[in-house]
Enquirer: 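A single structure is presented below for examination.
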Amino acid sequence: MSSFLVGGGRQLKGEVRVSGSKNSSLPVLAAALLTDDEVVVHGLPSIADVHTMLEVLQHLGCRVQWEKETIVIQPRIKRTEAPYELVKRMRASFYVSGPLLGRVKRAEVPLPGGCVIGSRPVDFHIQAFRQLGAKVKLEYGYMKAKAAKLHGARVYLDPRWCSVGTTINIILASVLCEGETTIENAARDPEILDLVSFLRKMGSDIRGETTSTLVVKGVKRLNGCEHHIIGDRIEAGTYLCAAAMTGGDVTVAHSPPEFMRTEIEKFREVGCEVEEKKEAIRLRRKGPLHSLDLITAPYPGFPTDLQPSFVSVLSKADGASVVEETIHDSRFRYVDELRRMGANVRRVDNTAVIKGVRKLLGAPVEASDLRAGAALVVAGLAAEGRTEVLCGEHIDRGYEDFEGKLRRLGADIERVP
Ligand code: EPU
């Protein structure tokens, strides 16, 4: 258990390089199970979730060697059952079910269950596996799937969600199966494009990943490859929120603006100057923050994962803002903590109404999840006095060296055990 002590009032200034994307690294690592050859991945972030995925791969039989930001995997499948302790720790462990099914036609993976940001079932994944020809039983808390043979299918996803995880698991299960699989309303997040680029290097045949109809043509075998993970756009967005919040001037590097179009427009609307560079984004704020309305939506809409930090920014804006969360059904839990810092936020179901206040006051607050924790730190950076964000280990799931990077931008932040 650790917490972060944040002193408010310093303007953040300078450049920060974001780490490799968490939500890109996790499926790419799972996809290594699709080959027998060596896989080399560069630019992985050293965060708890990546370590958990590596533990899952090792449990299944893979040999893993990690040096600095590069990992070398010798993929082997000696077991087809993932352990509950690991899947419980991280829902994305469920990503191994697709490649296990695709490769050895058998997967036994615990059902991940609910989590603090919402109920988050895996029914879409299971339905898709069945459409690909797998027999799936739910027994003793496990999803047990097997197939004599998988075949291509046409899978329709609900356009309201364009489920990221389901898109990933269908791709991973179908790249080695016979025939063609079409995913309608597929997610087209940058992390999906990164996974497709990785799978292409392995020899897979995938088309349409920048559109909502993604087509996978099964191939007989996949080879090893070498890949660089893209930068983490949510981490980038978090530092931009911190800059906006403190009236600072921050450049996030390893962060192409084309992956953050909607966020950039929202930062401008809230009163920031944003400069788009080739692989970097610079944000400056000199004047007051303005209120705005915001709805989270599947990519390219505003990302739910940045919603909490953006609400922190809006808590100090002039006027009233309305933020609607449409992806996860319980992602406003941190609002009660923000209120303890003096924010004026009222929540009605999945909508938050934020009336900007002139000042926030530091307070002890508790992070309920990764993005909630980041949002409370962002708020603390612009609050009067000291904020202690408890349960900081949530932040370690997705942010590499969070306090170090913020400190280098001038923040007063330290980790306390
Ligand atoms: N859903 C179902 N059934 C399913 C799958 C999804 O009802 O079988 C619902 C979910 O409950 C949710 C919605 O569909 O309400 C969208 O879920 P999606 O499948 O898109 O989310 P995910 O794959 O579980 C990933 C990210 C999340 C991010 C969401 C949305 C990873 C490892 N996780 O989750 O990231 O919020 O997409 O963009 O990629 C985070 O990084 O903090 C995080 C939570």
Side-chain angles (χ1 to χ4, degrees), residues 22-23 25-39 41 44 48-66 71-115 119-151 163-177 195 198-199 202 218 221-222 224 397:
K22 165 175 87 71
N23 292 346
S25 302
L26 300 174
V28 162
L29 289 174
L33 290 167
L34 290 163
T35 179
D36 266 338
D37 303 344
E38 182 174 284
V39 169
V41 187
L44 283 169
D49 278 12
V50 164
H51 291 281
T52 302
M53 183 56 94
L54 293 174
E55 279 185 64
V56 177
L57 293 185
Q58 281 169 315
H59 170 89
L60 296 175
C62 299
R63 292 226 313 265
V64 167
Q65 224 187 320
W66 193 346
I71 193 145
V72 180
I73 305 173
Q74 312 288 344
R76 293 287 172 278
I77 301 177
K78 293 186 185 150
R79 292 185 199 87
T80 54
E81 183 185 324
Y84 177 61
E85 312 84 78
L86 296 179
V87 178
K88 174 173 80 142
R89 218 191 283 164
M90 183 188 71
R91 186 186 156 77
S93 317
F94 202 72
Y95 287 160
V96 297
S97 47
L100 284 174
L101 252 184
R103 189 79 200 289
V104 292
K105 310 289 178 285
R106 197 179 179 95
E108 284 153 51
V109 184
L111 294 163
C115 79
S119 53
R120 305 182 78 191
V122 284
D123 51 334
F124 302 162
H125 301 235
I126 291 169
Q127 196 184 340
F129 290 153
R130 288 192 171 124
Q131 283 175 272
L132 292 171
K135 289 211 169 7
V136 185
K137 281 195 295 192
L138 305 181
E139 228 175 43
Y140 309 112
Y142 272 71
M143 179 207 66
K144 298 184 176 175
K146 59 181 180 186
K149 201 165 100 176
L150 291 179
H151 51 73
S163 166
V164 174
T166 313
T167 303
I168 288 169
N169 249 336
I170 300 172
I171 297 174
L172 295 177
S174 62
V175 276
L176 283 173
C177 82
L195 173 67
F198 172 76
L199 290 168
M202 290 176 95
R221 90 171 274 285
L222 293 174
R397 289 190 56 182

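Bear in mind that the values here come from a model prediction, so they are computed numbers and not experimental data.
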Enquirer: Between atom OH of Tyr95 and atom CG of Leu29, what is the distance when rounded to the nearest 0.5 Å?
Expert: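 CG of Leu29 is found 12.0 Å from OH of Tyr95.
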
Enquirer: What's the spacing between Leu54 CG and Leu86 CG if we round to 0.5 Å?
Expert: 11.0 Å

Enquirer: What do the steps show when you test Asp36 against Arg103 for side chain to side chain contact (heavy atoms under 4.5 Å, CB included), and what is the final call?
Expert: CA-CA 10 Å; Asp36 266 338; Arg103 189 79 200 289; 3.1 Å; yes

Enquirer: Can you check whether Val28 reaches Val41 side chain to side chain, under 4.5 Å on heavy atoms?
Expert: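 Contact flag for Val28/Val41 side chains = yes.
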
Enquirer: Closer than 3.5 angstrom, by distance alone: can the side chain of Arg63 be matched with the main-chain N or O of Pro75 as a donor-acceptor pair?
Expert: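 Judged by distance alone, no pair lies under 3.5 Å.
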
Enquirer: Output, in order, the C-alpha distance, side-chain angles, deciding distance and verdict of side chain to side chain contact (heavy atoms under 4.5 Å, CB included) for Phe129 and Ile170.
Expert: CA-CA 7 Å; Phe129 290 153; Ile170 300 172; 5.9 Å; no

Enquirer: Let me confirm one number: the CD-CD distance from Glu55 to Glu85, rounded to the nearest 0.5 Å.
Expert: 9.5 Å

Enquirer: Go through Ile71 and Gln65 one step at a time and tell me if the side chain to side chain contact (heavy atoms under 4.5 Å, CB included) criterion holds.
Expert: CA-CA 6 Å; Ile71 193 145; Gln65 224 187 320; 6.0 Å; no

Enquirer: Once rounded to the nearest 0.5 Å, what's the spacing between atom CG of Asp37 and atom CZ of Arg221?
Expert: 5.0 Å

Enquirer: State, yes or no, whether a side-chain contact exists between Leu138 and Ile126 at a heavy-atom distance under 4.5 Å.
Expert: yes

Enquirer: Given the rule in the side chain to side chain contact (heavy atoms under 4.5 Å, CB included) test, do Leu111 and Tyr142 qualify, once you have shown the distances and angles that lead to the verdict?
Expert: CA-CA 5 Å; Leu111 294 163; Tyr142 272 71; over 6 Å; no

Enquirer: Is there a side-chain contact between Val122 and Pro112 (heavy atoms, below 4.5 Å)?
Expert: yes

Enquirer: Looking at Phe94, is its backbone amide N or carbonyl O close enough to the side chain of Ser97 to form a donor-acceptor pair, meaning the two atoms are under 3.5 Å apart?
Expert: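 Such a contact is found between Ser97 side chain and Phe94 backbone.
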
Enquirer: Does the side chain of Met90 reach to within under 4.5 Å of the side chain of Arg397, using non-hydrogen atoms?
Expert: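 The answer is yes; the side chains approach within 4.5 Å.
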
Enquirer: Please determine whether a side-chain nitrogen of the Lys or Arg among Lys144 and Glu139 lies less than 4.0 Å from a carboxylate oxygen of the Asp or Glu.
Expert: yes

Enquirer: Check whether any side-chain N or O of Asn169 sits under 3.5 Å from a backbone N or O of Gly98 as a donor-acceptor pair, and report yes or no.
Expert: yes

Enquirer: Minimum heavy-atom separation for Glu38 to Gln74, with atom names?
Expert: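 Looking at all heavy atoms of both residues, the shortest contact is OE1-NE2, 2.8 Å.
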
Enquirer: Starting at CG of Leu101, measure out to CD of Glu108 and round the result to the nearest 0.5 Å.
Expert: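 So the gap between those two atoms works out to 10.5 Å.
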
Enquirer: Is the shortest side-chain N to carboxylate O distance from Asp49 to Arg91 below 4.0 Å?
Expert: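 Arg91 and Asp49: not salt-bridged.
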
Enquirer: Atom NZ in Lys78, atom NE2 in His59: separation rounded to 0.5 Å?
Expert: 11.5 Å

Enquirer: Treating Thr166 as the side-chain partner and Ser163 as the backbone partner, does any N or O pair qualify as donor plus acceptor under 3.5 Å?
Expert: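 A pair under 3.5 Å: no.
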
